[in-house]
Each structure stands twice: as C-alpha cells, then as structure tokens.
Amino acid sequence: MTPFSDMFRSLSEIIIPTIVWLAIFLSQDRHREPKSALLVTFIGGMTSYFVIDAITSHIHPVFGSPATELFFYTLLIFFVMFLLIELTQTSLQTLDEPYDYIVYYTTALLGLSLMTHTFSNLMPGSSLLNALPLYVGSISPVVSSLIFVLAGTVFGSLFAHASFAKNPHHEHLLHALGWIGGAAISTVITVLVTSPSSLSTYTVVAISWILFIMVYFLIHGVLQLGSKKVSQRASRKKASTK
C-alpha cells in the first residue's frame with residue numbers, strides 16, 4: 001500500500017464509525033436538532049482536543065494505577081465538554097429537550113474522538129493521551145468511538161434527569177453521578193478491552209452486558225422524560241384554551 005492509501009484507510013476507519021454512531025443517536029431524537037448547532041458542537045469537540053492537550057501538558061499528577069489515571073483524565077475531558085456545551089447551547093438555545101443532552105454531549109465527544117484518533121494514527125507521538133498506560137487511542141476506532149458514545153450517554157442521561165429534578169440537592173446529586181458515571185464506564189470498558197488476560201471471559205462478558213443494559217435503561221428513561229414533557233405541554237396548552 002502507498003502512504004496515501006494507508007492514510008485514506010486510517011481516515012475511513014476513524015470517520016465511518018463516528019458517522020454511524022451520530023446517525024443512530026440522531027434517529028432517536030423526536031425533535032430534530034438544527035444542523036448548524038450539531039456542526040458547531042462537533043467542531044467544538046474537535047477543537048477541545050487542543051484545549052485538553054494544553055492542559056495535560058502542564059499537569060503531571062501522580063496516580064497509583066493506570067485505571068485511576070484514566071479516570072482522572074476522563075473527568076477532565078468531561079469538564080471541558082461541559083463548558084463547551086454550556087457556552088454553545090446557551091447561546092444557540094437548542095438544549096430544550098431531555099434527549100438533547102445525550103445528542104449534544106455524544107456529538108461533542110465523537111468530535112474529540114475523531115481528532116484524537118486522527119492525531120494518534122496519522123501523527124504518532126503527538127496524541128493527547130499518548131502518555132497514558134490505558135490509552136483509548138491504541139484501541140480500534142470502532143471500539144474507541146463506542147467508549148466515547150457510552151460515556152457521553154451516561155453523562156448526558158443523568159444531566160437530562162437533573163434538568164427535571166425539583167429538589168436542588170437531587171439535581172446536584174444527579175450532576176455528580178453524571179460526572180462519575182461517565183468517567184467510570186469509560187474506564188471500566190477500557191480496562192476490559194486493554195487487559196482481557198487478567199479477567200476471565202465470563203467476567204468480561206457479564207460486566208459488558210451489565211453496562212450495556214444500564215445504558216439502555218438510561219436512554220429509555222430519558223426518552224420517557226421527553227414524552228412526559230410533551231404531555232405536560234399539551235395539558236398546559238389545553239388548559240389555556242379553555
């Protein structure tokens with residue numbers, strides 16, 4: 001293969017999974033988001049790569065294990081994603097449905113995933129998480145994008161539930177669970193993928209299914225929240241017309 005064909009194959013392996021995951025999540029959105037807002041969010045996720053890279057180049061915390069290190073850096077990624085979504089969606093005013101939290105956080109994280117894999121595959125040695133023993137970029141683009149998607153789903157789902165919380169304490173608790181849950185699921189799955197020899201096959205399968213089922217119920221719960229919100233709007237509209 002020529003260098004050009006190698007580069008084209010690498011890019012296709014990176015881009016195609018990203019497009020597929022975006023299409024799957026957008027198909028579940030009952031109120032389609034503006035293409036411009038999605039594009040801004042995706043490009044913002046790509047741009048955040050350089051922000052996180054600049055931050056990680058100046059901090060060198062000491063960790064007891066690779067998993068703890070990955071968990072910390074994932075929390076840092078979510079913090080940057082949170083700021084990105086708050087800035088873009090507050091100005092665009094498109095974050096108005098529960099499922100939107102999943103859509104926009106997943107879109108931003110897939111933008112980051114695309115950029116991370118582009119640098120790790122096409123420019124080895126310059127990748128954001130290259131120093132991590134459990135580097136997500138060393139996994140195939142399909143699996144890596146799945147990890148980003150699952151993490152974004154957990155994070156966005158719990159933030160969606162927090163937006164419905166009437167008690168401020170419950171809202172803060174759900175936000176905290178979103179941060180911790182998103183970072184935890186990405187860390188656990190990365191450990192399962194990168195260190196399979198230290199666990200039995202049955203353990204890996206069992207943990208994987210538990211995580212996927214949990215994410216499914218989170219998505220289902222957010223879709224139910226959306227239906228509840230639509231019903232509330234219809235009831236208020238009906239009451240106002242009487």
Side-chain angles (χ1 to χ4, degrees), residues 17-35 37-38 40-42 45 74-75 77-78 81-82 84-86 88-90 92-111 113 145-189 206-242:
T18 301
I19 294 173
V20 170
W21 285 120
L22 281 176
I24 291 172
F25 275 85
L26 291 175
S27 68
Q28 298 300 311
D29 193 4
R30 293 166 183 170
H31 302 90
R32 297 301 171 88
E33 302 306 308
K35 291 184 177 64
L38 291 170
V40 167
T41 305
F42 189 77
T74 306
L75 284 177
I77 288 171
F78 279 138
M81 293 296 107
F82 172 75
L84 167 67
I85 299 299
E86 284 295 307
T88 57
Q89 303 313 318
T90 300
L92 295 172
Q93 296 183 340
T94 53
L95 201 64
D96 54 3
E97 296 289 339
Y99 193 74
D100 292 351
Y101 287 87
I102 295 178
V103 169
Y104 284 108
Y105 275 109
T106 302
T107 301
L109 282 166
L110 283 171
S113 175
S145 62
L146 173 61
I147 293 173
F148 276 101
V149 163
L150 291 174
T153 300
V154 172
F155 193 73
S157 296
L158 289 164
F159 267 61
H161 282 281
S163 68
F164 267 71
K166 296 179 180 179
N167 187 320
H169 296 295
H170 292 165
E171 181 181 358
H172 297 326
L173 176 61
L174 287 167
H175 282 157
L177 289 174
W179 291 92
I180 296 170
I185 195 171
S186 61
T187 301
V188 170
I189 294 179
I207 294 174
S208 300
W209 272 107
I210 290 171
L211 293 176
F212 281 114
I213 291 170
M214 179 190 72
V215 171
Y216 169 79
F217 278 111
L218 280 174
I219 295 173
H220 180 72
V222 172
L223 291 174
Q224 291 298 106
L225 280 180
S227 300
K228 179 181 176 182
K229 189 168 184 177
V230 170
S231 299
Q232 289 175 346
R233 284 178 178 173
S235 299
R236 285 196 295 267
K237 186 176 180 180
K238 185 176 180 180
S240 64
T241 55
K242 288 183 178 180

With the side chain counted from C-beta on, respond yes when Ile185 and Met214 share a heavy-atom pair under 4.5 Å apart, and no when they do not. yes
Minimum heavy-atom distance Ala108-Leu84, with the two atoms named: CB-CD2, 3.9 Å
Are Leu173 and Asn167 close enough that some pair of their side-chain heavy atoms sits under 4.5 Å apart? no
Which word best sums up how the rings of Tyr101 and Tyr105 line up, parallel for under 30°, tilted for 30 to 60°, or perpendicular for over 60°? parallel
Got a second to check how far Leu38's CG is from Thr106's OG1, nearest 0.5 Å? 11.0 Å
Those residues at least two apart in sequence (or on a different chain) that pass side chain to side chain contact (heavy atoms under 4.5 Å, CB included) with Ala165 are His170, Glu171, Leu174
Is there a side-chain contact (heavy atoms from CB on, under 4.5 Å) between Leu218 and Val222? Walk through the geometry before answering. CA-CA 6 Å; Leu218 280 174; Val222 172; 5.7 Å; no
Per-pair distances, 0.1 Å, donor-acceptor, side chain in residues 150-159, under 3.5 Å, sequence neighbours excluded:
residue: Thr153; atom: OG1; partner: Val149; partner atom: O; Å: 2.8
residue: Ser157; atom: OG; partner: Thr153; partner atom: O; Å: 2.6

Counterpart residues, side chain to side chain donor-acceptor pair (under 3.5 Å), relative to Thr107 (two or more places apart): none
Is there side-chain contact between Phe164 and Pro98, with heavy atoms separated by less than 4.5 Å? yes
For Trp179 versus Leu75, what's the shortest heavy-atom pair and its separation? O-CD2, 3.5 Å
In short, Phe78 meets Gly182 closest at the heavy-atom pair CE1-C, 3.2 Å
Rounding to 0.5 Å, atoms OG1 (Thr41) and OH (Tyr104) come to a distance of 5.5 Å
If you round to the nearest 0.5 Å, how far is NE2 of His175 from NE2 of His172? 8.5 Å
